[in-house]
Enquirer: 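This is the structure I want to talk about, given as structure tokens.
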Amino acid sequence: QVQLVESGGGLVQAGGSLRLSCAASGRTLNSNYLGWFRQAPGKEREFVAAITWSGSFRSHADFVKGRFTISRDNAKTTVYLQMNSLKPEDTAVYYCAAGAGPLLSTAVAGYNYWGQGTQVTVSS
């Protein structure tokens with residue numbers, strides 16, 4: 001019902017920057033917010049940031065505050081994750097996800113549509 005396609009991942013040196021994009025299509029009006037999660041090998045999928053389609057509310061995980069910023073375009077079709085001051089521990093597959101709840105969720109269970117993921121690798 002909702003298709004999410006991530007792009008922008010790649011290899012970057014520590015301290016560098018990367019911008020991830022999430023293009024949404026399908027029945028996106030049924031989704032109230034978009035979030036970014038990441039998962040490293042052997043670790044649980046963790047919340048990174050989320051934004052309502054209206055842009056009125058945003059949330060960022062504590063470990064990325066001051067470094068990562070979530071945003072959306074004016075057409076409300078694409079959500080971005082600007083990642084600055086990248087660290088090796090940021091290395092993971094980053095997923096875009098959509099949720100339909102009335103409030104932003106920071107939990108995996110709060111999202112019902114997921115993209116395929118994009119690999120981000122930060123070298124030291």
Side-chain angles (χ1 to χ4, degrees):
Q1 297 182 46
V2 176
Q3 294 79 48
L4 304 171
V5 180
E6 304 98 330
S7 62
L11 175 64
V12 64
Q13 290 189 344
S17 298
L18 213 57
R19 189 182 76 161
L20 305 183
S21 298
C22 175
S25 60
R27 303 183 76 251
T28 58
L29 292 178
N30 290 338
S31 298
N32 292 326
Y33 52 87
L34 270 288
W36 286 98
F37 289 76
R38 69 185 188 185
Q39 187 168 26
K43 296 184 178 180
E44 297 292 325
R45 188 168 299 187
E46 63 181 348
F47 172 79
V48 177
I51 187 171
T52 59
W53 275 119
S54 68
S56 298
F57 299 96
R58 303 181 186 185
S59 180
H60 295 83
D62 289 340
F63 62 85
V64 302
K65 287 183 178 178
R67 298 192 299 125
F68 294 5
T69 303
I70 191 169
S71 63
R72 60 158 178 81
D73 65 355
N74 292 332
K76 301 178 182 179
T77 58
T78 305
V79 173
Y80 305 96
L81 183 68
Q82 179 65 48
M83 304 186 293
N84 299 324
S85 301
L86 283 163
K87 305 174 181 179
E89 48 263 47
D90 294 321
T91 296
V93 176
Y94 283 71
Y95 297 91
C96 179
L103 299 174
L104 287 179
S105 176
T106 61
V108 170
Y111 297 80
N112 52 334
Y113 295 99
W114 296 82
Q116 81 285 1
T118 184
Q119 177 70 47
V120 172
T121 302
V122 184
S123 62
S124 59

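In this text, all values refer to a predicted model and were calculated from it rather than measured experimentally.
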Enquirer: Return the minimal non-hydrogen interatomic distance between H60 and A49, and the atom names on each side.
Expert: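 The answer is CD2-CB, 3.7 Å.
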Enquirer: Please collect all disulfide bond (SG atoms under 2.5 Å apart) contacts where either partner lies in residues 82-124, sequence neighbours excluded, each pair once.
Expert: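 Listed once each, the pairs are C22-C96.
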Enquirer: Got a sec, which residues hit side chain to side chain contact (heavy atoms under 4.5 Å, CB included) with S54, two or more places apart in sequence or on another chain?
Expert: T52, S56
Enquirer: Could you list the residues that satisfy side chain to side chain contact (heavy atoms under 4.5 Å, CB included) with A14, not counting sequence neighbours?
Expert: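 Counting only residues at least two positions away or on another chain, A14 forms a side chain to side chain contact (heavy atoms under 4.5 Å, CB included) with P88, V122.
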Enquirer: Please walk me through it: do L18 and F68 pass side-chain contact (heavy atoms from CB on, under 4.5 Å)?
Expert: CA-CA 10 Å; L18 213 57; F68 294 5; over 6 Å; no
Enquirer: Apply side chain to side chain contact (heavy atoms under 4.5 Å, CB included) to A61 and list each qualifying residue two or more places apart in sequence or on a separate chain.
Expert: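 Once residues adjacent in sequence are excluded, the partners of A61 under the side chain to side chain contact (heavy atoms under 4.5 Å, CB included) criterion are F47, F63, V64.
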Enquirer: Under the side chain to side chain contact (heavy atoms under 4.5 Å, CB included) rule, collect the residues that match up with E89, sequence neighbours excluded.
Expert: K87
Enquirer: Test: salt bridge (Lys or Arg N to Asp or Glu O under 4.0 Å). Region: residues 114-124. Which pairs qualify, not counting sequence neighbours?
Expert: none
Enquirer: Treat each ILVMFWY residue as a node, draw an edge where side-chain heavy atoms are under 4.5 Å apart, and state whether V120 and L4 are in one component.
Expert: yes
Enquirer: A40 and T91: which non-hydrogen atoms are nearest, and at how many Å?
Expert: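 Shortest heavy-atom separation between A40 and T91 comes out as CB-O, 3.7 Å.
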Enquirer: Considering the options L34, I70, I51, D73, which one meets the side-chain contact (heavy atoms from CB on, under 4.5 Å) requirement together with Y80?
Expert: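 In the set L34, I70, I51, D73, the residue that makes a side-chain contact (heavy atoms from CB on, under 4.5 Å) with Y80 is D73.
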Enquirer: Sequence neighbours excluded, which residues qualify as salt bridge (Lys or Arg N to Asp or Glu O under 4.0 Å) partners of R67?
Expert: D90
Enquirer: Could you give all pairs that pass the side chain to side chain donor-acceptor pair (under 3.5 Å) test and reach residues 8-23, with sequence neighbours left out?
Expert: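 Side chain to side chain donor-acceptor pair (under 3.5 Å) check on residues 8-23 returns S17-N84.
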Enquirer: Restricting to pairs with a member in residues 82-118, which pass ring-ring contact (aromatic ring centres under 6.0 Å, His included), not counting sequence neighbours?
Expert: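 Counting only pairs at least two positions apart or across chains, the ring-ring contact (aromatic ring centres under 6.0 Å, His included) contacts touching residues 82-118 are Y33-Y111, F37-Y111, F37-W114.
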Enquirer: Working to the nearest 0.5 Å, report the span between CZ of R58 and CG of L104.
Expert: 11.0 Å
Enquirer: What heavy-atom pair brings A98 and N112 nearest, and what distance separates the two atoms?
Expert: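 Between these two residues, the closest heavy atoms are O-OD1, 2.8 Å.
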Enquirer: Quick check: closest heavy atoms across Q119 and T121, and the distance to 0.1 Å?
Expert: NE2-OG1, 3.3 Å
Enquirer: Find out if a path of hydrophobic residues (ILVMFWY) with successive side-chain heavy-atom gaps under 4.5 Å connects L81 to V93.
Expert: no
Enquirer: Please list all pairs meeting ring-ring contact (aromatic ring centres under 6.0 Å, His included) that have one or both residues in residues 11-31, counting only residues at least two apart or in different chains.
Expert: none
Enquirer: Could you tell me if the side chain of L20 sits less than 4.5 Å from the side chain of E6, heavy atoms only?
Expert: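 No; the side chains remain at least 4.5 Å from each other.
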Enquirer: Please identify each residue that fulfils side-chain hydrogen bond (donor to acceptor under 3.5 Å, both in side chains) with D62, with sequence neighbours left out.
Expert: K65
Enquirer: What residue pairs, at least two apart or across chains, pass salt bridge (Lys or Arg N to Asp or Glu O under 4.0 Å) with a residue in residues 40-50?
Expert: R38-E46
